[in-house]
Amino acid sequence: MGLTDIKSRIAKAAKTAGRDAEDITLIAVSKVQPNARVEAVLQEGHRSFGENRVQEAAGKWPDFRETYGDIDLHLIGPLQSNKARQAFELFDVIHTLDRPKLANTFARLAQETGHCPPLFIQVNTGEEPQKAGIAPTDTDAFVKECQSLDLPIQGLMCIPPIEETPSLHFALLQKLARRNGLSGLSMGMSSDFEQAIAFGATHIRVGSAIFGERVTETP
Ligand SMILES: *Cc1c(COP(=O)(O)O)cnc(C)c1O
């Protein structure tokens with residue numbers, strides 16, 4: 001466990017897949033972790049982090065940025081439209097564009113501010129009713145809709161159903177991304193990032209395997 005171990009596992013998985021480890025961004029998911037654990041990883045020189053709540057991120061990252069300089073902050077949790085403006089200010093990349101209404105809000109904010117972070121569209125690959133995301137069959141049309149709004153779509157993101165084989169979902173996301181000419185694939189967590197790398201993940205989101213188990217779960 002820990003950052004060094006994860007990095008060597010990434011290198012190994014990349015090599016097995018015939019890929020360059022440099023093409024894989026490790027997002028250290030720091031949600032609900034005690035600040036001391038996050039600082040330890042910052043002190044090791046890591047600079048890409050993920051949070052799933054705007055409020056929580058706003059509470060800690062401005063200070064960390066002041067102390068540690070440039071940090072790439074990724075939003076990986078659901079975003080309410082009324083927090084979109086704050087998310088634009090705080091995050092460098094947003095992985096959870098999951099509905100048409102949010103796309104319209106982003107387009108409006110982009111016009112108004114002259115800036116829009118790179119975006120990933122969240123796809124509900126397992127078609128789970130309780131989970132956010134665009135249905136696989138609606139993905140092609142939604143990508144086009146976002147592109148017609150001039151949104152910078154970098155790729156697709158998924159969170160596979162817990163009880164299913166993740167590889168099937170990674171393969172589906174890879175197929176959808178390729179078919180739409182998108183290069184980014186945000187997939188793979190602590191328990192399955194090596195499989196995600198085998199299916200072309202460019203952004204893996206790893207929390208507990210770096211920081212240890214979360215003390216409290218996010219609601
Ligand atoms: C919490 C979270 C992760 C990290 O999960 P771990 O199993 O701790 O690696 C990755 N992606 C999303 C969307 C998350 O909410």
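In this chain, residues are counted from 1 in sequence order. Indexing begins at 1, ligand by ligand and atom by atom, following the structure's order.
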(request) Would you kindly specify which portion of K31 sits under 4.0 Å from ligand 1, judged on non-hydrogen atoms: side chain, backbone, both or neither? (result) side chain
(message) Evaluate G207 for polar contact with ligand 1, using N/O atom pairs at a separation under 3.5 Å.
(response) yes
(message) Out of all atoms in ligand 1, which are within 4.0 Å of some heavy atom of R205? Include the element for each.
(response) 4 (C), 9 (O), 10 (C), 11 (N), 12 (C), 13 (C)
(request) May I ask you to list the atoms of ligand 1 that are less than 4.0 angstrom from any heavy atom of S208? (result) 6 (P), 7 (O), 8 (O), 9 (O)
(request) For I159, counting its heavy atoms only, list the atoms of ligand 1 lying under 4.0 Å from any of them. (result) 13 (C)
(request) Ignoring hydrogens and angles, tell me if any N or O in the side chain of Q33 forms a donor-acceptor pair with the backbone of G212 under 3.5 Å. (result) yes
(message) Taking the basic N atoms (NZ, or NE/NH1/NH2) and the acidic carboxylate oxygens, is any pair closer than 4.0 Å for E89 and R85?
(response) no
(message) Less than 6.0 angstrom separating the ring centers of W61 and F49, yes or no?
(response) yes
(message) Using a 4.0 Å cutoff against the non-hydrogen atoms of V206, which atoms of ligand 1 qualify?
(response) 9 (O)
(request) Could you check if a side-chain atom of L151 sits within less than 4.5 angstrom of a side-chain atom of C116, using non-hydrogen atoms only? (result) yes
(request) Take every heavy atom of R214, measure it against each atom of ligand 1, and state whether any distance is under 4.0 Å. (result) yes
(request) Output yes when a side-chain donor or acceptor of R214 lies under 3.5 Å from a complementary backbone atom of V32, and no otherwise. (result) no
(message) For atom 5 (O) of ligand 1, tell me which residue out of M189, E213, H95, Q122 has the closest non-hydrogen atom.
(response) M189
(request) Measure from the side-chain N and O atoms of T113 to the backbone N and O of H115, and report whether any donor-acceptor pair falls under 3.5 Å. (result) yes
